[in-house]
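Encoded as structure tokens, the structure appears first; notes follow it.
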Amino acid sequence: MAQKPGIPKGTRDFSPEVMVKRNYIFNSIKKVFQKYGYLPIETPAMENLSTLMGKYGEEGDKLLFKILNSGDFLKKADDNLLAEKSSNKLVSKISEKGLRYDLTVPFARFVVQHQNDIVFPFKRYQIQPVWRADRPQKGRYREFYQCDVDVVGSNSLLNEVELIQIVDEVFKALKINVVIKLNNRKVLAGIAEKIGALDKIVDITVAIDKLDKIGLENVNKELTEKGLSSEAIDTLQPIILLEGDNAVKLKKLKDVLKDSETGMTGVSELEQVFEMVNMLNIDLEVELDLTLARGLNYYTGAIFEVKAKDVQIGSITGGGRYDDLTGIFGLKDVSGVGISFGADRIYDVMNQLEIFPKHTDASVQVLFVNFGDKEQLHCLRLLSEIRKAGINAELYPDSVKMKKQMTYANKKQVPFVAMVGETEMIEGVVTLKNMNSGEQEKVTVDNLISTCKETHNQHVRN
RNA sequence: GUGGAUGUAGUUCAGUUGGUUAGAAUGCUGGAUUGUGGUUCCAGAGGUCGCCGGUUCAAAUCCGGUCUUCCACCCCA
């Protein structure tokens, strides 16, 4: 009995219709990346587990997909561990490879491994799938694409500003309204230092983030539960209730953090970034958000997160600065900063808002109706001329009923149908039908080419 | 990982307290219309009711397990 096949949960097939839209996103993003001087690299889907483990925190380690060793791996496994049935301890014995969890850590590995061939500052982009053994939900997949841009080997805050410009340009091109939220790990560290609880910073930000949802009282309650003293919570109050525009927030922060050197460095970095961004006069809404912590524990400076304004979905882009990611692999003093665009979530947002362009460079612009053997040969010659002019065109492969061929054109949303029968062949013309208006007229091939080009340019521009 | 929902033609969904041959809309195929699609009319095809097991004379319907999708938490793109 043939059972219906399936694919693992959280993974998807992409149909041509979907791929055209996805590629539109990828191409738009790539174009912006390249405009700012970033070049592509690719790394393998799997990495050594030693490269991946311990880089994403405890939570991240659990979400790594591990690959079983080849051969009869259990034979070589420790008998005691097998008897114990302790999966965690056994994993290191039977698996030494894993699927990449993001693109940043493999990139750090790449930089270290190729440090002698790389010119610093090194600016690269990377668009590839990553895998997480998460529980899937809407906008949360087990296999999804990240579009990373990073620059390593430069401490300049200009890089942070450049990334904000890139975010602005990408989402402007895709016509998505977004807010970019900005924070700085050093500010968070300063806050933690101030209340003497360096290890509690994640708990603190998680709790503060819930202010809108559960109210001040419950936030404080949660902080108490997490083990914070009442003095510490008192100190935190002005930070929890921080309001106003970015400049006001920064001013208040400065006041609270004046004794913390790290904290003040963070505030100063934020100030500089905001100053430059304001000078650029970009439309993008840039907001200081202290509740932005980001779980990935390698961030050390700026942290970014982008949210769509019109759709309820997790962040669609995120990133930050990491001072010592390559240090773990033995290359010291190489600071990097980067962000990652979540292509799948961007797709979901655009799909929900129905803001994909109807026509892209991938769409066919003209379909030739097939009337028979003589006619199709004639069309073939016309087609090569048309294609040479850079127009996507096709000839229906079978000489079937016209209704069927028209329906095909209609479904593929081809804007023009060309008909060349006996009379057209003799007259040396083409009957060109505009599928939108239904109008048709006899034109020359040159005419057809210019008409197609004109409408295509209009479509793509809109 | 924890808690909670969900699954019926390609798609969106009906389906009564378990009871004849499981329906609709839309889509699909063919025809009305042998050189004209998106409108209309007619006809047709399409379902082991997610999967496995149990209760029953009888299960889409009740029970258990499993998988999928979705929601909350967690985390994140």
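Letters A, B, ... mirror the listed sequences (proteins, then strands); counts begin at 1. Hydrogens, waters and symmetry mates play no part in the numbers below; they use all other heavy atoms, side chains included. Not measured: the values here are computed from a predicted model.
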Spacing of [X] atom [atom1] relative to [N] atom [atom2], expressed in whole Å:
| X | N | atom1 | atom2 | result |
| --- | --- | --- | --- | --- |
| E441(A) | U36(B) | CD | C1' | 16 Å |
| N434(A) | G38(B) | CG | C1' | 13 Å |
| D102(A) | C75(B) | CG | P | 17 Å |
| R12(A) | U69(B) | CZ | P | 10 Å |
| D148(A) | A77(B) | CG | C1' | 10 Å |
| Y56(A) | C74(B) | OH | P | 23 Å |

Quick one: which protein N/O atoms are closer than 3.5 Å to N/O atoms of nucleotides 1-3 of chain B? Pair and distance per line, please.
unit_1	atom_1	unit_2	atom_2	d
U2(B)	O4	R135(A)	NE	3.4
U2(B)	O4	R135(A)	NH1	3.0
G3(B)	O6	R135(A)	NH1	2.9

Within the 4.0 Å heavy-atom criterion, would you say [X] contacts the bases, only the backbone, or no part of the nucleic acid?
| X | value |
| --- | --- |
| G139(A) | base |
| Y141(A) | base |
| N370(A) | nothing |
| G10(A) | sugar-phosphate |

Just to verify, what does [X] make a ring-ring contact (aromatic ring centres under 6.0 Å, His included) with, not counting sequence neighbours?
| X | result |
| --- | --- |
| F416(A) | none |
| F274(A) | none |
| Y125(A) | F33(A) |
| F26(A) | Y145(A) |

Residues two or more places apart in sequence or in another chain: which of them pass side-chain contact (heavy atoms from CB on, under 4.5 Å) with [X]?
| X | answer |
| --- | --- |
| E96(A) | N69(A) |
| K404(A) | Y396(A), V400(A) |
| K412(A) | V364(A), E394(A), Y408(A), V414(A) |
| E385(A) | V445(A), D446(A) |

TODO: May I ask you to decide if the ring planes of Y299(A) and Y322(A) are parallel, tilted or perpendicular, using 30° and 60° as cut-offs?
DONE: tilted
Task: Base versus backbone protein contacts along nucleotides 29-35 of chain B [heavy-atom cut-off under 4.0 Å; B, S, -] - done: -SS---B
Open item on the list: Taking 5.5 Å and 30° as the limits, would you call Y145(A) and the base of A77(B) a stacked pair?
Closed with: no
Task: Contiguous pairing runs of three or more, Watson-Crick or G-U under 3.5 Å, that involve RNA chain B - done: B:1-5 with B:69-73, B:10-13 with B:23-26, B:28-32 with B:40-44, B:50-54 with B:62-66
TODO: Write out all pairs satisfying salt bridge (Lys or Arg N to Asp or Glu O under 4.0 Å) with one or both partners inside residues 359-369 of chain A, taking only residues at least two apart or from two chains.
DONE: none
- [ ] State whether the distance check finds a donor on one side and an acceptor on the other, under 3.5 Å, for side chain N410(A) versus base G37(B).
- [x] yes
Task: Residues T431(A), E424(A); criterion side chain to side chain donor-acceptor pair (under 3.5 Å); working and verdict - done: CA-CA 7 Å; T431(A) 297; E424(A) 284 92 348; 2.5 Å; yes
Task: First encountered from the 5' end of RNA chain B, between I316(A) and G438(A) - done: G438(A)
